[in-house]
Amino acid sequence: MDDVPLSSQILCVLLTGLFVLSFNVARNPRKWRRLYQARWAAGQDFSINRNKALDEMLRTRGLLVAMLFLLAAVVVFVTMLTHASRQRQASMTREDWNHFNEQKRIEKRSPAKGNSGIY
């Protein structure tokens, strides 16, 4: 992983951690709602219906946010895996591309290994 930028690695770990946190909130919203109410909304009136609505909202939005974080983490991970080949392609000259395309044409015209061409 020497050729992968450190910033991509940190971003991938950070997005994965945010995915785990938001998925945990979506999986168990009551605990997180109670923590929020105990810390910041202690003076508000108690309402069972409002609490149920908050729990359902946390569950649906938490799953949506978790999936967005997961999608972003996968995109960053795939970008990390393809970084070396993209860098190599960006540094190729016109002559290198011509040589590469010629090699591809030769491979297409030659029969596959183990196949004599007779059926």
Side-chain angles (χ1 to χ4, degrees):
M1 302 284 291
D2 295 337
D3 55 345
V4 178
L6 182 63
S7 60
S8 296
Q9 294 176 14
I10 291 171
L11 186 60
C12 189
V13 169
L14 181 68
L15 287 170
T16 304
L18 288 172
F19 162 72
V20 169
L21 177 67
S22 59
F23 190 75
N24 190 15
V25 169
R27 207 178 97 224
N28 192 1
R30 182 178 293 163
K31 177 177 83 171
W32 293 97
R33 178 197 30 93
R34 286 180 179 167
L35 177 66
Y36 170 78
Q37 287 176 336
R39 297 247 178 174
W40 292 285
Q44 294 180 355
D45 295 335
F46 178 76
S47 170
I48 292 176
N49 290 335
R50 186 175 54 103
N51 288 345
K52 282 185 177 184
L54 285 173
D55 288 346
E56 289 301 316
M57 183 197 64
L58 276 174
R59 178 170 283 128
T60 55
R61 291 187 183 173
L63 279 175
L64 178 66
V65 169
M67 292 304 117
L68 288 175
F69 281 134
L70 180 63
L71 176 67
V74 168
V75 167
V76 169
F77 185 75
V78 169
T79 303
M80 280 177 22
L81 290 180
T82 61
H83 178 75
S85 65
R86 286 184 290 111
Q87 290 298 100
R88 203 174 318 112
Q89 286 179 354
S91 67
M92 287 178 72
T93 64
R94 180 89 170 146
E95 185 177 308
D96 293 336
W97 278 109
N98 290 338
H99 180 60
F100 178 73
N101 290 333
E102 184 64 29
Q103 289 287 7
K104 285 292 189 184
R105 277 194 295 265
I106 291 170
E107 287 176 8
K108 284 183 180 179
R109 280 189 270 155
S110 66
K113 288 186 177 181
N115 185 2
S116 62
I118 302 173
Y119 296 99

Output the distance between atom [atom1] ([X]) and atom [atom2] ([Y]), rounded to the nearest 0.5 Å.
X: Asn51; Y: Arg34; atom1: CG; atom2: CZ; value: 8.5 Å
X: Leu70; Y: Leu18; atom1: CG; atom2: CG; value: 12.0 Å
X: Asn28; Y: Arg59; atom1: CG; atom2: CZ; value: 8.0 Å

Between [X] and [Y], what is the shortest heavy-atom contact and its length?
X: Arg50; Y: Gln37; value: NH2-NE2, 4.4 Å
X: Ser85; Y: Thr82; value: OG-O, 3.1 Å
X: Gly62; Y: Ala26; value: C-CB, 3.6 Å
X: Ala66; Y: Ser22; value: CA-OG, 3.1 Å
X: Arg33; Y: Asp55; value: NE-OD1, 2.7 Å

In chain order, what residues pass the side-chain contact (heavy atoms from CB on, under 4.5 Å) check against [X], with sequence neighbours excluded?
X: Leu21; result: Trp32
X: Glu95; result: Thr93
X: Leu11; result: Leu15, Val76
X: His83; result: Pro5, Arg86, Gln87

Partners of Arg105 by salt bridge (Lys or Arg N to Asp or Glu O under 4.0 Å), sequence neighbours excluded?
->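 So Arg105 forms a salt bridge (Lys or Arg N to Asp or Glu O under 4.0 Å) with Glu102.
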Listed by chain and number, what are the salt bridge (Lys or Arg N to Asp or Glu O under 4.0 Å) partners of Arg61, not counting sequence neighbours?
-> none
Do [X] and [Y] share a hydrophobic cluster, counting only Ile, Leu, Val, Met, Phe, Trp and Tyr and linking them when any side-chain heavy atoms are less than 4.5 Å apart?
X: Val74; Y: Leu71; result: no
X: Leu64; Y: Met67; result: no
X: Leu68; Y: Leu63; result: no
X: Val65; Y: Leu14; result: yes
X: Met80; Y: Leu6; result: no

Does Asn101 use its side chain to pair, donor to acceptor, with the backbone of Trp97 at less than 3.5 Å?
->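 Such a contact is found between Asn101 side chain and Trp97 backbone.
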With side chains defined as the heavy atoms from C-beta onward, is the minimum distance between Asn98 and Arg94 less than 4.5 Å?
->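 SC-SC contact between Asn98 and Arg94 confirmed.
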